[in-house]
**Student:** 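First, the structure itself, so that you have it in front of you.
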Amino acid sequence: MTVRPRAADGRRLLVAFGATGDLMQRKLLPAVYALARDDPPDRPRWAILGTARRPLDDGTFRRQGIAALVAAGAATEAAAARWAASGLRYQPLGRESAADYRALAARIAEVEAELDLPGDRILYLALPYDALPGVLEGLRSAGLTRSRGYTRVVIEKPFGRDLASARLLNRRLHRSFAERQIYRIDHYLGKETVQNLLVFRFANMLFESVWSRDRVDHVEITVAEELGVEERAGYFDRAGVVRDMVQSHLTQLLCLAAMEVPSSMGADEVRNEKVKVLRSIAPLRPEDVVRGQYRAGTVGGRRVRGYREEDGIARGSRTETFAAIRLQLKNWRWQGIPFLLRTGKRLPHKSTQIVVCFRTPPVWFFPRSSAAVVAANRLTITLQPDEGFELAFEVKQPGHDIRLQTERLHFRYGEAFGPLPDAYQTLLVDVARGDPTLFVRADEVEAAWRVYDPILRRPGRLHPYPAGSWGPPAAERLARRAGADWSAP
Ligand code: BG6
């Protein structure tokens, strides 16, 4: 069950490019369904016109959509069919000729007239990088970059393949759209717990006052996945986790954890601060990076194949499925404090967490026998699953002797609020409202690529690791060189 964010007012047409793809079927469709399932059939607030190369008709597209909603656990077949009959339509893009785009424009106008829509449009581009120039040109040639209402364009990540391609893509986009029409999506920013990082930091003086090099020893950001490459070999083998996860999701978490307080919650004020974090990152050196690739192993009690044996993956592939990276922020708040990022496929279980590890006391005046190790306070922010916080601190065990023990204070979102809304729902509502705060700005996406460009240009060694482990031993060594140990997720 998902919770609905406050609905956006108004009624609009979402034109979904790449509508037969994995993202559309698994994420976007269930999110739109959750926002729109109770709409009157003749006045939907969210109507979808899917488009892709495949020559489908409305009926076939609806059947696929119904199957996707049922598979995602979003609806029963009957409920999905009821909604699809009014909410889903399809227009093939054929060979993507100018005539195909004119036909698309005509179909958009027809659907808007049929449903009496005001002309507000969201063009959702869930497309690989290579497909974007053609689509942008097609939209321009058919006059689809403007309408009598608003036209907003959503672009899925990864935005480009490196700094040069991201710059080029920004230039191409700006030829047809103003920056305020462009929504570069990173679904991590729609997660409640990720947004809560700002509230947690800036509404609680208790934490903000210790959130700096004066009290923090290092910060760890882990995004671990149990899943392997699944059905996305074609995409993933060309991307790897640095493009797929680090440049986007982990970097966004880093920005929110490290940024200064913005002067307001305005979209530009928040994003300005994130850009400042990105620009403060010292150039990556080869010794700051460990790339890994999974071999066969056991995950969740199940024997799984190695990455190179997966369907659709080249036998000699050198694509990384794991990365551990040490970043240094050259600014007043964080100078000298390592930020350790780690992500991987086929790790023991799914877990996204930020651990702020505080310094140990400067002088230890308890007897040596009081503790096996001098434990540092750790604040663990779990972003998924079982979202919440945990603060580890030392207490005295009762008794005559001084003996210390680590105890924990917990907060769990689920206990306090119940289920959280889905990130895609939150972000779609923001697009409809015209609020770009949780989307990535042009300069921000370029600044993020600039950080990782050295790894992409010279990827370096690839360390194998067994599926079901926490990555290659080299990742442990990387942390140790920074004076840290990865916390258990
Ligand atoms: C996507 C990546 O952006 O995020 C996937 O392309 C990854 O490879 C997914 O599995 C993880 O998202 P979440 O929300 O399940 O943590």
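The structure presented is a predicted model; accordingly, all values stated were derived computationally and were not measured. Both counts, for ligands and for their atoms, begin at 1 and track the order of listing. What's counted below: heavy atoms across the whole structure, side chains too, no hydrogens, waters or symmetry copies.
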**Student:** Return yes if some donor-acceptor pair links the side-chain N/O of R62 with the main-chain N/O of L88 below 3.5 Å, else return no.
**Tutor:**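 Yes.
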**Student:** Considering only the protein, which heavy-atom contact is closest to atom 12 (O) of ligand 1, and what is its distance?
**Tutor:**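 Here the nearest protein heavy atom works out to H187 NE2, 3.2 Å.
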**Student:** Distance to 0.1 Å, residue and atom name: give those for the protein heavy atom nearest to atom 1 (C) of ligand 1.
**Tutor:**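 Nearest neighbour among protein heavy atoms for atom 1 (C) of ligand 1, to 0.1 Å: H249 NE2, 3.5 Å.
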**Student:** Check each atom of ligand 1 against the heavy atoms of K345 and keep those under 4.0 Å away; list them by number with element.
**Tutor:**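 The list of qualifying atoms is 5 (C), 7 (C), 8 (O), 10 (O).
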**Student:** Taking the six-membered ring where the residue is Trp, are the ring centres of H218 and W334 under 6.0 Å apart?
**Tutor:**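 That pair fails the under 6.0 Å test.
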**Student:** Is it the case that ligand 1 has an N or O less than 3.5 angstrom from some N or O of D244?
**Tutor:**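 Right, the criterion is met.
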**Student:** For residues Y413 and F411, establish whether the separation of their ring centroids is below 6.0 Å.
**Tutor:**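 Yes, close enough.
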**Student:** Indicate yes or no for a side-chain donor-acceptor contact from Q425 to the backbone of G190 under 3.5 Å, with no hydrogens or angles considered.
**Tutor:**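 No, Q425 side chain to G190 backbone: no donor-acceptor pair under 3.5 Å.
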**Student:** Using heavy-atom distances only, which candidate in Q384, K191, K350 approaches atom 14 (O) of ligand 1 most closely?
**Tutor:**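 Ranked by closest heavy atom to atom 14 (O) of ligand 1, first place is K191.
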**Student:** What atoms of ligand 1 come closer than 4.0 angstrom to any heavy atom of K157?
**Tutor:**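 Those of ligand 1 that fall under 4.0 Å from K157 are 1 (C), 2 (C), 3 (O), 6 (O).
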**Student:** Under the salt bridge (charged side-chain N to carboxylate O under 4.0 Å, His left out) test against R184, which residue among E179, E156, E446 passes?
**Tutor:**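 Filter result, single survivor: E179.
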**Student:** Scan side-chain atoms only and decide if Y452 and T251 contain a donor-acceptor pair under the 3.5 Å cut-off.
**Tutor:**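 Yes - a donor-acceptor pair under 3.5 Å links their side chains.
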**Student:** Is there a heavy atom of Y188 sitting under 4.0 angstrom from any atom of ligand 1?
**Tutor:**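 Y188 counts as a contact of ligand 1 under the 4.0 Å cut-off.
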**Student:** Backbone or side chain, does any N or O of Y235 fall under 3.5 Å from an N or O of ligand 1?
**Tutor:**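 Between Y235 and ligand 1 (N or O atoms, distance only) the closest approach is not under 3.5 Å.
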**Student:** Polar contacts were defined as any N/O atom of the residue lying under 3.5 Å from an N/O atom of the ligand; does this apply to T352 and ligand 1?
**Tutor:**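 No, T352 has no N/O under 3.5 Å of an N/O on ligand 1.
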**Student:** Are any side-chain N or O atoms of N204 and backbone N or O atoms of F207, one a donor and one an acceptor, separated by less than 3.5 Å?
**Tutor:**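 Not at all, since once roles are kept as given, no pair shorter than 3.5 Å links the two residues.
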**Student:** Which protein heavy atom lies closest to atom 5 (C) of ligand 1, and at what distance to 0.1 Å?
**Tutor:**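 Checked against all protein heavy atoms, atom 5 (C) of ligand 1 sits closest to R232 NH2, 3.0 Å.
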**Student:** For atom 11 (C) of ligand 1, grab the closest protein heavy atom and report residue, atom and distance to one decimal in Å.
**Tutor:**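 Looking only at protein heavy atoms, the one closest to atom 11 (C) of ligand 1 is E225 OE2, 3.6 Å.
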**Student:** With a 6.0 Å cut-off on ring centres, are Y294 and F322 close enough?
**Tutor:**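 They do not qualify: ring centres at least 6.0 Å apart.
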